[in-house]
Amino acid sequence: MAVDERNLQVLANFCAAAADAMAFTLMRTAHSAFVKETEDFSCQIVTREGLAFTSPRHFGAPWYSGIDYRPLLDMFDSYVEGDICVTNDPYSGFVATHSPDLHIWKPVFHEGRIACFVVGHIHNTDVGGAVPASLSRSLTEIEQEGVRIPPVKLVAGGVLNDFVVEVLRANVRSPDQNGGDLHAQLACVNVGERKIREIIRRFGFDAFIEGVGMLLDYADRQARAVLRKVPDGDYFFADYADEDSVGGRPCRVALTLRIRGDEAELDYTGSDPQLASSLNMPTGGRERHPLVMVGLTYVLYTLNNDILLNAGTLRPARAILPEGTVVNAQRPAAVGMRSLTCAMTQIVTVGAFAQALPHLMPAASPGGNAILNVKTADRAGRPVMASIGPVGGGGGGTPFCDGSDGAGGATGFLRNTPVEISEAEVPVHFLRYGLHPDTGAPGRYRGGLSAVMEFRVSSPETVVTARNRNRSLMPSWGVQGAHAGVVSHFVRNPGTAGEAELGNTDVVHCDPGDVIRVIGPGAGGYGDPFRRPPEAVLADVRCGYVSPGSARADYGVAIAGEGVRAQVDEAATAALRAATGTAASGMFTFGRERVAFESVWTRERYDLLTEFLASVPVGWRFFLKHRIFDTVAQAGQDGAVREQMAAIFARLRAQYGLPAAASA
């Protein structure tokens, strides 16, 4: 069959349907709630060279639509029919990006020739290691983050390698759950193989090979058409995770976006050094690594939601990822919390594009969803290790509408786990799960509301983990005069004498009767909140999204009455709005904490810090960053920045015998 434009669309639909079938199979047969409910998994079909050309349309994690499996495919000299390979090692090919993500791939043969590979990953709730659920900000080296399987044939010529399965089972806290999820993955790729063979029978082998190449080329052209509409220029933006380690300093992710015609360069120079915590990203410096490119994918899809999402979408772009930094960590750095840093790369990408296209990009999403897991035991003593769902914030306000409530932005694809399922699987009692009022940042279009979850623990020696805790110090930014978001909260035993605010803690030991409350961080708003129609504010008050006090203080809208009987007091509203000045100047509203931080750590000072740290060995960088932060805090800001920093750097080189910059 010849491949023309009509047949190409038919082929694209067939391939997407095959990926959908893979995703359905995985969801319906998985054992863990984090796969079958939260949908933290991916399925792709990739070319013989490893480039993804189709993914599920509505299921799973969208981060990997442009993934390149070639580094893994090339680790085997040959494949035979029936082979299925597996790995979860972040440093083997830089495809699996933390140890809970178990990747598998299977060649699809037609008459002795490989047509493509069917691939995918799931996030295992636990793969062993130092803490339940395997991930914590406190971990400092990859060996602490659970069992790692180097690339190996799990199934060789149709025969399962039982030894590999037993190694996986022997090193995890819920072997039956992990084993069930593994067999779901095997079923997933087997379904994908069958679907691809049906497509080849319909189109023919040569037409199929030609067609998938054309799908990549078409996505390339679509992406370039979008980029041509972006004004040429250099756009710098930075944002921060609250802590680079437990109780540490802010972790900076910096991006210079360069647009030239129909191409984009994402230069992450200026991002923090490799950390002695698990926020590092294992990208291997690959210039189209999905962890640093997913923000671009989101932007391109926002500007054209007809664009094909595959590896061709990323062809017009490349990333610069300095070695030994948080975006290109070197072994043996811990990488378990790389998703938090990845969310920051997405947020800085949106921030950079917002400068180029100020009336098309949204405000910041929180980028700090808490993924809650519970390790406990039921009343019969049976061990339980389960995810009970993500708790995060909504989407940032947009130029056209409010942000989505409860989930949105960087991790909006994560579904919630119904309370009924969580209570059936885990011995906890839910007290509250819903939207929290006054958490959507005020704006002409407000930020999406945060989720709140509160539950009571029933068993002794229960451990609650809440990875990706963030935005408890520095809130999400608003744009065009809107407010910044609210910070997140993590509280044990709220409203009691033993109440404790846990901040960004991510491992908590609980006793029976302890109550845990998590409130996600709020998203930023868009536009002057005093330009929000009073009727929209009234609707929010009636729904319980905005309190009457916030309506008055933040929106200049006076509300008379309560509940469904509430009404706008038009005279008082007019007086309030007339008496209030204009919205904050400048494009971005960052919040007091970030403004205070950047009054000291200006772009000039951070550029000097980055240059110095790049000149010393990787193993020294995190240590020296903290020493420099301490020195600057003690010395104050007297004198010229360049001279002050040069003196600090010279003292450190002399104190620790560090090499001169030219020889490092």
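Atoms considered below: every heavy atom in the structure, side chains included; atoms not considered: hydrogens, waters and symmetry mates.
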inquiry  = Is the positively charged end of R594 above the ring of F237, judged by distance under 6.0 angstrom from the centroid and angle within 45° of the axis?
reply    = yes
request  = Examine R28 relative to F24 and say whether NZ or CZ is less than 6.0 Å from the centre of the six-membered ring and inside a 45° cone about the ring axis.
outcome  = no
Basic-acidic side-chain contact under 4.0 Å: D242, R137 = no
ask   = Are any of the side-chain nitrogens in D405 or R446 under 4.0 Å away from the carboxylate oxygens of its partner?
value = yes
Can you tell me how far apart [atom1] ([X]) and [atom2] ([Y]) are? Round to the nearest 0.5 Å.
X: M474; Y: E243; atom1: CE; atom2: CD; value: 10.5 Å
X: L26; Y: E39; atom1: CG; atom2: CD; value: 9.5 Å
X: H121; Y: L102; atom1: NE2; atom2: CG; value: 9.5 Å
X: K36; Y: M27; atom1: NZ; atom2: CE; value: 11.5 Å
X: S42; Y: H103; atom1: OG; atom2: NE2; value: 6.0 Å
X: C251; Y: L340; atom1: SG; atom2: CG; value: 8.5 Å

request  = Only counting residues at least two apart or in another chain, list the ones meeting salt bridge (Lys or Arg N to Asp or Glu O under 4.0 Å) with R331.
outcome  = none
Would you find more than 12 non-hydrogen atoms of other residues, nucleotides or ligands less than 6.0 Å from [X] atom [atom1]?
X: R456; atom1: CZ; result: no
X: E461; atom1: CD; result: no
X: R415; atom1: CZ; result: yes

request  = Evaluate side-chain contact (heavy atoms from CB on, under 4.5 Å) for V486 paired with T439, printing each intermediate quantity in order.
outcome  = CA-CA 6 Å; V486 301; T439 52; 3.9 Å; yes
Answer yes or no: is there a donor N or O on one side and an acceptor on the other, between the side chain of [X] and the main chain of [Y], under 3.5 Å?
X: Q274; Y: Q330; answer: yes
X: T462; Y: S459; answer: yes
X: Y526; Y: M361; answer: no
X: D239; Y: M344; answer: no
X: R173; Y: G129; answer: yes
X: T38; Y: L414; answer: no
X: T349; Y: L296; answer: no
X: R471; Y: S488; answer: no
X: E145; Y: S99; answer: no
X: N88; Y: P100; answer: no

message = Quick one, V507 with S138, criterion side-chain contact (heavy atoms from CB on, under 4.5 Å). Give me CA distance, side-chain angles, the key distance, then yes/no.
response = CA-CA 9 Å; V507 179; S138 63; 5.6 Å; no
If we only count heavy atoms from C-beta on, is the [X] to [Y] side-chain gap below 4.5 Å?
X: P427; Y: T376; value: yes
X: F622; Y: S245; value: yes
X: T465; Y: L135; value: no
X: T283; Y: F94; value: no
X: V326; Y: Y268; value: no
X: L473; Y: Y240; value: no
X: T505; Y: R469; value: no
X: P90; Y: T97; value: no

task = For a side chain to side chain contact (heavy atoms under 4.5 Å, CB included) with V147, tell me which candidate from N178, V127, D89 qualifies.
result = V127
Compare every heavy atom of [Y] with every heavy atom of [X], then report the nearest pair and how far apart it is.
X: S387; Y: A33; result: O-CB, 4.0 Å
X: C342; Y: W63; result: SG-CZ3, 3.6 Å
X: H31; Y: D181; result: N-OD1, 2.7 Å
X: A184; Y: T29; result: CB-OG1, 3.2 Å
X: C43; Y: C188; result: SG-SG, 3.7 Å
X: R252; Y: A238; result: NE-CB, 3.9 Å

remark   = Checking K625, R621, R249 against D244 for salt bridge (Lys or Arg N to Asp or Glu O under 4.0 Å), the one that qualifies is K625
Verify the distance criterion only: is there a donor paired with an acceptor across the side chains of [X] and [Y] at less than 3.5 Å?
X: S547; Y: D438; value: yes
X: N493; Y: D514; value: yes
X: N328; Y: H289; value: no
X: N373; Y: T125; value: no

key: Stepwise salt bridge (Lys or Arg N to Asp or Glu O under 4.0 Å) test for R532 and D554   = CA-CA 10 Å; R532 185 170 177 85; D554 297 323; over 6 Å; no
inquiry  = Between I347 and W477, does the side-chain contact (heavy atoms from CB on, under 4.5 Å) criterion hold? Intermediate values first, please.
reply    = CA-CA 10 Å; I347 289 168; W477 37 269; 3.6 Å; yes
task = List the steps, then state whether side-chain contact (heavy atoms from CB on, under 4.5 Å) holds for I559 with R552.
result = CA-CA 7 Å; I559 301 295; R552 186 179 189 90; over 6 Å; no
side-chain hydrogen bond (donor to acceptor under 3.5 Å, both in side chains) between N504 and S472, worked out = CA-CA 7 Å; N504 286 324; S472 65; 3.1 Å; yes
request  = Before giving the answer on salt bridge (Lys or Arg N to Asp or Glu O under 4.0 Å), spell out for R338 and D101 the whole-Å C-alpha distance, their side-chain angles and the decisive distance to 0.1 Å.
outcome  = CA-CA 12 Å; R338 62 38 170 171; D101 283 1; 2.8 Å; yes
inquiry  = Once you measure the plane-to-plane angle for F430 and Y433, does it fall in the parallel (<30°), tilted (30-60°) or perpendicular (>60°) bin?
reply    = tilted
